[in-house]
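The following block contains the structure, expressed as structure tokens.
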Amino acid sequence: GATKETLGFQTEVKQLLQLMIHSLYSNKEIFLRELISNASDACDKLRFEALANADIYGDDADLKIRVSFDKAARTLTISDNGIGLSRDEAVEHLGTIAKSGTREFFSALTGDQAKDAHLIGQFGVGFYSSFIIADRVTVVSRRAGLAADQAVRWESAGEGDFTIEPAERAGRGTDVILHLRDGEDEYLSGWKIRSIIRKYSDHITLPILMKKEQWDAEKSEQVTTDEDETVNQASALWARPKSEISDEQYTEFYKHVAHDFEDPLAHVHARVEGKQEYTQLLYIPARAPFDLWDRNARHGVKLYVKRVFIMDDAEQLMPLYLRFVRGIVDSNDLPLNVSREILQESKDIEAIRGGCVKKVLGLLEGLADSDDAAEKEKYAKFWKEFGRVLKEGVGEDFANKERIAKLLRFASTHADTADETVSLADYVSRMKEGQEKIYYVTAETFTAAKNSPHLEIFRKKGIEVLLLSDRVDEWVTGSLTEFEGKQLQSVAKGGVDLGALEDEAEKEEVAKAADEYKELLDKIKGALGDKVKDVRVTLRLTDSPSCLVSDEHDVGGNLSRILKAAGQ
Ligand code: ADP
Ligand code: MG
């Protein structure tokens with residue numbers, strides 16, 4: 001439309017604004033980090049579009065971010081010459097929350113602001129954090145490729161609705177103008193703004209410009225000059241030597257690439273030289289995102305070529321089972337005009353991906369095997385958040401199956417709790433004299449696994465059994481048939497052959513009972529007819545009168561339930 005329109009925010013936006021203002025007040029300066037992060041993303045998006053259409057740069061090819069303030073108007077403005085927003089994009093991106101899982105997140109809130117406030121960190125903040133310090137936000141934006149008079153002005157007081165109207169803007173890009181709340185005048189200080197940028201946004205690869213200031217003796221205050229200066233280092237963080245990067249810088253860079261509000265759990269930064277030259281800076285988040293189970297969700301590793309951003313979510317860089325990894329890969333060898341199609345076929349990318357997988361597995365092994373309790377604790381945390389995803393790797397990544405198997409953690413009858421803390425190596429170290437196999441039971445829930453009648457004989461003999469109750473465990477045990485030469489064996493399949501663990505007296509007892517109860521067994525077989533293959537006397541039960549067993553090579557009971565539920 002050609003006139004000003006008032007539109008309502010999506011319900012979730014209203015809730016988010018409420019929560020955010022409440023929960024982030026003590027850390028409000030992060031709004032600037034979020035807005036600079038968006039400006040940087042907008043420039044990355046422009047570069048990506050320019051791969052297919054170089055004309056899009058026009059005569060404005062030096063991408064940059066500018067931060068300025070106006071003391072008289074009490075405004076702080078963050079500008080970029082990135083991709084910009086069309087009218088429809090402004091309505092969609094600034095009026096709704098596009099993240100999947102948003103609805104579920106908000107329906108999980110309790111309504112108690114204090115309690116809910118800490119949840120906001122899990123969600124990420126972004127553009128709306130402007131309202132922590134601003135009581136009105138104006139966005140003037142012109143989408144790359146659109147004319148000067150086809151710009152858009154978006155404005156809101158962050159209270160349920162926003163207005164949108166046509167505008168003019170000389171060049172492509174976006175201005176976000178914050179009208180500061182009463183009492184927020186500290187953000188009108190060049191010194192303060194510079195210190196926030198250096199603290200949170202130093203890693204941004206584009207220059208962040210501000211006007212130089214100088215002392216005005218007459219006015220007895222700092223005044224801005226017309227000269228620009230770059231406030232950040234404006235060089236790719238990952239290209240700097242490790243020794244020159246602080247923990248804080250690694251953390252802030254993570255928050256930018258991952259769009260996360262929380263600190264990461266761990267990172268690995270490495271330069272690879274040789275046939276392929278590339279740098280990788282990869283992170284494990286501390287918490288699973290809402291769309292972890294959506295296999296189409298973003299993958300989160302960005303691809304750069306010689307420090308130039310190429311694309312987001314380069315899914316060829318990370319296998320699905322490591323889809324929680326965030327970060328960047330910067331290649332020295334790929335062509336700058338590389339496309340997704342080229343990546344799919346590229347042998348170079350295959351080698352880079354192989355290298356990235358090895359680094360991530362190495363990082364996880366470092367945590368898991370560490371002698372440092374804090375690092376080990378990190379692995380436990382990792383496993384809680386992402387263990388179920390990592391398990392997929394056993395079936396997905398044949399080359400690294402052994403390494404992944406070592407990283408797996410299970411519940412078992414050893415502690416008999418649902419905590420998944422037992423590694424296969426732990427299990428093997430506790431195997432009984434004469435025990436040849438690694439025993440496990442799968443069931444729909446932990447309680448069902450723990451109470452399975454199949455466990456009775458194992459409990460009696462003190463043999464540990466892994467208690468598996470994740471759906472993915474069926475695929476794990478389907479792909480992982482042995483570990484360190486020990487076969488994995490379901491206790492619910494075939495005749496439990498306890499081998500050397502069985503004593504002769506017991507074997508004789510079974511044979512005797514089979515004879516003695518032959519008539520009864522035949523009767524039961526007759527009554528059940530086609531429903532069963534066989535009815536046998538067994539040693540495996542101590543308390544229960546009977547149980548169902550699958551044939552060694554048949555689909556197990558739990559898997560057949562899962563397949564049925566999936567309609568197969
Ligand atoms: P996120 O950055 O995680 O996507 P934000 O809340 O920070 O979430 O931003 C929401 C969306 O608004 C962005 O995804 C982008 O589409 C749009 N946006 C915000 N700032 C800009 C900008 N400076 N230029 C272009 N688009 C922007
Ligand atoms: Mg953002």
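Numbering of ligands and ligand atoms starts at 1, following listing order.
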- request: Could you list the atoms of ligand 1 found under 4.0 angstrom from a heavy atom of Leu85?
  value: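 Atoms satisfying the 4.0 Å criterion: 25 (C), 26 (N).
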
Anything under 3.5 Å between a donor and an acceptor, one on a side chain of residues 41-53, the other on a protein residue two or more places apart or in another chain? List them.
{"from": "Asp41", "atom 1": "OD2", "to": "His259", "atom 2": "NE2", "distance (Å)": "3.4"}
{"from": "Glu49", "atom 1": "OE2", "to": "Arg143", "atom 2": "NH2", "distance (Å)": "2.9"}
{"from": "Asn53", "atom 1": "OD1", "to": "Asp55", "atom 2": "N", "distance (Å)": "3.3"}

query: Quick one: which of Tyr250, Trp238, Tyr283 gives a side-chain hydrogen bond (donor to acceptor under 3.5 Å, both in side chains) with His269?
result: Tyr250

- prompt: Which ligand 1 atoms, with their elements, are less than 4.0 angstrom from a heavy-atom of Gly126?
  reply: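 So the atoms of ligand 1 that pass are 5 (P), 6 (O), 7 (O).
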
field: Residue part near ligand 1, for Val176, under 4.0 Å between non-hydrogen atoms
entry: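 Contact part for Val176 vs ligand 1: neither.
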
statement: Residues at least two apart in sequence or cross-chain that pass side chain to side chain contact (heavy atoms under 4.5 Å, CB included) with Arg271, listed by chain then number, are Glu273, Thr279

- prompt: Using a heavy-atom cut-off of under 4.0 Å, does the side chain or the backbone of Asp80 touch ligand 1, or both, or neither?
  reply: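 Near ligand 1, Asp80 shows its side chain, while the N, CA, C and O stay back.
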
- prompt: Does the side chain of Gln222 pick up a donor-acceptor pair with the side chain of Asp216 at under 3.5 Å?
  reply: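 Side-chain D/A pair, Gln222 to Asp216: absent.
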
- request: Check ligand 1 against His259 and write out every atom of the ligand that is under 4.0 Å from a heavy-atom position of the residue.
  value: 1 (P), 2 (O), 3 (O)

query: Leu94 heavy atoms, cut-off 4.0 Å: which ligand 1 atoms fall inside?
result: 12 (O)

Distance, nearest 0.5 Å, that separates CD1 of Ile352 from CD of Gln316: 11.5 Å

Which residues share a side chain to side chain contact (heavy atoms under 4.5 Å, CB included) with Glu341, sequence neighbours left out: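 Per chain and number, Glu341 pairs via side chain to side chain contact (heavy atoms under 4.5 Å, CB included) with Ser339.
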
message: Name the residue from His267, Arg326, Lys242 that meets the side chain to side chain contact (heavy atoms under 4.5 Å, CB included) definition with Leu281.
response: His267

message: Using a 4.0 Å heavy-atom cut-off, which part of Glu34 comes near ligand 1: side chain, backbone, both, or neither?
response: neither

Between Thr138 and Glu155, a side-chain donor and acceptor under 3.5 Å: yes

- prompt: Can you find a non-hydrogen atom of Glu89 under 4.0 Å from ligand 1?
  reply: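 Per 4.0 Å heavy-atom rule, Glu89 does not contact ligand 1.
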
statement: Atoms of type N, O or S from protein under 2.8 Å of the Mg ion (ligand 2), total 1

task: Report the residue from Gln249, Glu29, Arg33, Glu252 that forms a side-chain hydrogen bond (donor to acceptor under 3.5 Å, both in side chains) with Tyr200.
output: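 With Tyr200 as partner, Gln249, Glu29, Arg33, Glu252 yield a single side-chain hydrogen bond (donor to acceptor under 3.5 Å, both in side chains), made by Glu29.
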
- prompt: Pick from Asn81, Asp228, Asp175, Thr77: which one makes a side-chain hydrogen bond (donor to acceptor under 3.5 Å, both in side chains) with Arg66?
  reply: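 Option passing the side-chain hydrogen bond (donor to acceptor under 3.5 Å, both in side chains) with Arg66: Asp228.
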
- request: May I ask you to list the atoms of ligand 1 that are less than 4.0 angstrom from any heavy atom of Lys45?
  value: 15 (C), 16 (O)

- request: Answer yes or no: are there more than 12 heavy-atom neighbours, outside Glu159 itself, under 6.0 Å from its atom CD?
  value: no

query: Polar-atom distance check: Asn38 versus ligand 1, any N or O pair below 3.5 Å?
result: yes

